[in-house]
Amino acid sequence: MDLTKVGTGNVSVAAAFVHTQKSVAIFAVLAEISRGIAPVLAAKLLFPEIPTWQLVGLIFLVAGRYFIAQGGGVTNVSWGITS
């Protein structure tokens, strides 16, 4: 299903829960979670002694989300900070 053609046209996890099957919506949530945790884990593995790189990874995540998809990435950063 093309989420840009239903409801408000916003492609989000909330829209996935409203307009798609439950399994698709759960996959969307897990994708959001992993997108926030992945840069932090990568920085922890590659540069364990420099925690600044974890923050840099989250900054690049937000910049990419903003410039590519005009999204904020707030949920992703929230998951990244908690990991």
Problem - Shared-cluster residues of Phe67, by chain and number - hydrophobic side chains joined below 4.5 Å - result: Tyr66

Handout entry: Residue pairs passing the salt bridge (charged side-chain N to carboxylate O under 4.0 Å, His left out) test where at least one lies in residues 69-83, sequence neighbours excluded
Key = none

Practice task
Considering non-hydrogen atoms only, spot the tightest contact between Val77 and Val62 and give its length.
Solution key: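 Distance-wise, the nearest heavy atoms are CG2-CG2, 3.2 Å.
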
Problem - Nearest heavy-atom neighbours spanning Phe17 and Ile26 - result: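 Taking every non-hydrogen atom into account, CZ-N, 4.4 Å.
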
Practice task
With rounding to the nearest 0.5 Å, note down the distance linking CD1 in Ile37 to CG in Leu61.
Solution key: 11.5 Å

Practice task
Calculate, to the nearest 0.5 Å, the distance between atoms CD1 and CG belonging to Ile50 and Leu55 respectively.
Solution key: 13.5 Å

Handout entry: Sequence neighbours excluded - side chain to side chain donor-acceptor pair (under 3.5 Å) pairs with any residue from residues 34-60
Key =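 As it turns out, the side chain to side chain donor-acceptor pair (under 3.5 Å) pairs with a partner in residues 34-60, which skip direct neighbours, are Glu32-Arg35.
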
Practice task
Check whether more than 12 heavy atoms from other residues, nucleotides or ligands sit under 6.0 Å from atom CD1 of Ile68, and answer yes or no.
Solution key: no

Practice task
Would you indicate whether Phe60, at its atom CZ, is surrounded by more than 12 heavy atoms from other residues, nucleotides or ligands within a distance under 6.0 Å?
Solution key: no

Handout entry: Shared hydrophobic cluster, Ile33 / Phe27 (ILVMFWY, side-chain heavy atoms < 4.5 Å)
Key =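 Cluster IDs for Ile33 and Phe27 differ.
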
